[in-house]
Q: 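Structure in structure tokens, see below.
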Amino acid sequence: MQKIRTRIAPSPTGDPHVGTAYIALFNRCFAHQHGGEFILRIEDTDQVRSTEKSERDILNALNWLGLSWSEGPDVGGRCAPYRQSERSALYSSEIVKLLNSGHAFRCFCTADRLQELRTRQMAEKVSVGYDGHCLTLTEEQVAQKLNDGVEHVIRMRIPQSGDCIFNDMLRGEIRINWQQIDMQVLIKSDGLPTYHFANVVDDHHMEISHVIRGEEWINSTPKHLLLYQYFGWEPPIYCHMPLLRNTDKSKLSKRKNPTSIGYYRDMGYLPQAVVNYLGMMGWTMPDGREMFSVAEMIDHFDLTRVSLGGPVFDVAKLDWLNGKYIRETLSNDEFMQHFAAWAFRPDKINDIIPLIKDRVERFSDVVPLAGFFLAGLPEINEASFDHKKISADDSKKILQFTLWYLESLRKFDRTSIEASCMTLATHLDIKIRDFLFPLFVAISGKGVSTSVIDSMSILGLDITRARIRHAINVLGGISNKAAKELEKDFRDFAQVAE
RNA sequence: GUCCCCUUCGUCUAGAGGCCUAGGACACCGGGUUUUCAUCCCGGCAACGGGGGUUCGAAACCCCCAGGGGACGCCA
């Protein structure tokens with residue numbers, strides 16, 4: 001039997017997401033249970049959004065959770081490189097095969113034409129997709145355009161009729177009509193492959209035997225299968241996992257939930273508790289045990305026993321589990337060590353000391369002054385926001401705008417946070433000291449504390465976001481209607497600011 | 001809108017046609033232990049989306065409907 005190899009293929013375009021960890025966990029368990037290998041590949045074909053920092057953060061986060069891999073960009077391996085941006089030569093040589101066999105074609109359509117086409121299809125209520133315009137080009141026309149250096153992409157051909165039938169490990173037979181499938185772009189005009197192309201080429205060359213991924217990919221599986229067929233390669237076995245959900249059942253998102261693994265680390269969760277919790281999303285130990293390690297999970301794992309209803313990520317249950325781990329698995333000594341390592345991270349403490357030193361007369365002043373750096377959500381209520389100039393509604397608006405603005409920052413540091421607050425205060429025509437008041441309350445729990453801008457940069461975006469959101473909720477939250485108006489306001493402002 | 005996937009307590013889930021009067025856990029409520037609180041222990045509340053079949057028998061199999069979710073990018 002072929003060796004089992006699975007992979008996690010994150011895209012370094014944002015914070016390390018718990019959904020990534022969830023899929024990584026199941027891939028790793030499946031591979032290891034069968035004596036196979038679990039590898040990590042970075043899918044950074046989006047030049048605009050991919051960042052080195054994000055890649056670093058994702059690797060760190062997965063390592064923190066103990067979800068290690070045997071091959072990857074950091075550890076190498078026989079299929080190196082493991083970063084798609086370093087595999088361009090391979091994609092270039094592979095795409096030529098499809099071009100030569102006629103399974104792929106060059107498309108010179110402009111973004112404008114495509115947009116117009118999409119709009120028309122929407123209006124006519126037919127399914128949207130590429131109309132095959134460039135398929136009619138003669139060889140001479142194509143040669144001419146290439147000669148003229150016209151920007152273009154490469155698309156794949158799709159059968160006109162019939163069904164694509166494939167088997168999903170969990171869901172059985174899935175049948176999708178080819179007419180539903182668009183002539184997917186394989187190579188973008190920047191010369192880099194799209195996910196669909198790079199993914200298939202790499203999975204083949206990296207000998208991936210089982211593709212375990214989120215169910216959001218079901219509809220594009222026909223394209224992937226077709227590529228395997230065009231190349232004459234044997235496709236992997238597919239397994240589409242259910243998606244983690246918000247409380248309202250929508251796909252887990254940072255707008256509604258803390259989704260960053262960094263948040264759980266900074267809030268003082270134990271990595272083994274977080275992984276354990278992810279392991280009980282869609283899966284249970286055969287004996288019903290709820291507390292188990294990854295090693296125990298691997299011993300008893302059965303991928304086909306995954307249940308398909310999208311599990312709601314319930315922080316309350318995670319809290320219970322984490323408490324259980326702290327109480328039942330840590331000795332007093334281990335508790336001390338873990339707590340100290342968490343609370344006194346040198347980088348963090350080094351930044352905090354200068355903020356409090358001038359304000360301290362005795363060491364006993366430190367906790368009242370800096371305790372909020374180590375706390376979760378501050379204990380605040382509506383009255384905490386009483387202010388002679390800033391109303392509760394003003395506070396909500398300031399908090400929400402700040403949150404949106406901070407989330408759009410490429411870099412979350414002192415300087416950019418300060419600049420953001422200044423810009424927003426000016427725009428809202430509020431004095432900066434008044435503007436910062438609700439932020440002081442949201443972040444430190446009090447109207448007076450160490451510099452709130454420094455505090456936010458030390459706490460990091462994950463915790464800052466959670467506290468600001470908590471403050472908005474304490475103030476009664478924002479109704480859908482109000483949110484719409486605020487969003488419009490903010491968009492107008494953001495345009496001016498740019 | 002089109003297509004695809006899904007559907008057991010509020011939430012995570014057990015359930016492979018008779019062991020189901022549907023089990024466990026979180027949350028919630030009540031009680032006990034504890035100088036308080038928490039922990040811990042005991043108890044309670046609470047679900048098979050609806051309708052048709054198949055079968056001696058359906059939570060489980062089939063069909064229809066409804067609801068939820070996802071996809072429809074030169075994002076992944």
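Here is the naming used below: chain letters follow the sequence lines, and residue numbers restart at 1 for every chain.
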Q: Please give the distance between the C1' atoms of B:A46 and B:U39 as a whole number of Å.
A: 26 Å

Q: So which nucleotide does B:U7 pair with, by the Watson-Crick or G-U wobble rule with both distances under 3.5 Å?
A: B:A66

Q: Can you see if the side chain of A:K324 gets near the phosphate of B:A25 - specifically, an N or O under 4.0 Å from OP1 or OP2?
A: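 Negative; the distance criterion is not met.
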
Q: Indicate the ring-plane relationship of A:Y405 and A:F490, choosing parallel, tilted or perpendicular according to the 30° and 60° boundaries.
A: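 A:Y405 vs A:F490 ring planes: perpendicular.
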
Q: Can you tell me the base-pairing partner of B:U2? Count Watson-Crick or G-U wobble geometry only, both distances below 3.5 Å, and say none if there is no partner.
A: B:A71

Q: Taking the six-membered ring for Trp and the single ring otherwise, decide whether the centroids of A:Y277 and A:F313 are under 6.0 Å apart.
A: yes

Q: Heavy atoms under 4.0 Å, any strand shown: does A:E43 hit a base, just sugar-phosphate, or nothing?
A: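 Since only primed, P, OP1 and OP2 atoms lie under 4.0 Å of A:E43, the category is sugar-phosphate.
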
Q: I'd like the P distance from B:C56 over to B:A14, given in whole Å.
A: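 Those two atoms are separated by 30 Å.
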
Q: Considering every strand shown, what is the Watson-Crick or G-U wobble mate of B:U55 when both distances are under 3.5 Å?
A: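 With both distances under 3.5 Å required, B:U55 matches none.
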
Q: When only distance counts, do a donor and an acceptor, one from the side chain of A:K317 and one from the base of B:A25, lie under 3.5 Å apart?
A: yes

Q: Only pairs with both distances under 3.5 Å count, Watson-Crick or wobble alike; so what is the partner of B:A16 in this structure?
A: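 Partner of B:A16: none found under 3.5 Å.
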
Q: Of the options B:A76, B:U39, B:C5, whose atoms approach the side-chain atoms of A:I218 most closely?
A: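 Among B:A76, B:U39, B:C5, the one nearest the side chain of A:I218 is B:C5.
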
Q: So, A:Y238 versus A:W217, ring centres under 6.0 angstrom or not?
A: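 No.
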
Q: Reckon A:R305 has a side-chain N or O less than 4.0 Å from the OP1 or OP2 of B:U13?
A: no

Q: So, does A:T13 get its side chain near the phosphate of B:A76, meaning an N or O under 4.0 Å from OP1 or OP2?
A: no

Q: Is there a side-chain contact between A:K188 and the phosphate of B:A76, meaning an N or O under 4.0 Å from OP1 or OP2?
A: yes

Q: Would you mind pulling out the nucleotide paired to B:C28, Watson-Crick or G-U wobble, both distances under 3.5 Å?
A: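 B:G44 - that is the nucleotide pairing with B:C28, both distances being under 3.5 Å.
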
Q: Does the gap between the ring centers of A:H205 and A:W233 come in under 6.0 Å?
A: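 Yes: the rings meet the under 6.0 Å criterion.
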
Q: Look at the side-chain N and O atoms of A:K249 and state whether any lies under 4.0 Å from the OP1 or OP2 oxygen of B:C6.
A: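 Result: no.
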
Q: Please determine if a side-chain N or O atom of A:T45 lies less than 4.0 Å away from the OP1 or OP2 oxygen of B:A76.
A: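 Yes, such a contact exists.
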
Q: Just to confirm, is there a sub-4.0 Å distance from OP1 or OP2 of B:A14 to any side-chain nitrogen or oxygen of A:R289?
A: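 No, because none of the side-chain N or O atoms of A:R289 sits under 4.0 Å from OP1 or OP2 of B:A14.
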
Q: Would you classify A:S250 as touching base, sugar-phosphate or nothing, given that sugar-phosphate means primed atoms plus P, OP1 and OP2, and contacts are heavy atoms under 4.0 Å?
A: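 Touches sugar-phosphate only.
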
Q: Look at atom CD of A:E328 and say whether more than 12 heavy atoms of other residues, nucleotides or ligands are closer to it than 6.0 Å.
A: yes

Q: To the side chain of A:N219, which of B:C12, B:G70, B:A76 is closest?
A: B:G70

Q: Nearest of B:G73, B:C26, B:C3 to any side-chain atom of A:W320?
A: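 Of all the options, the side chain of A:W320 is nearest to B:C26.
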
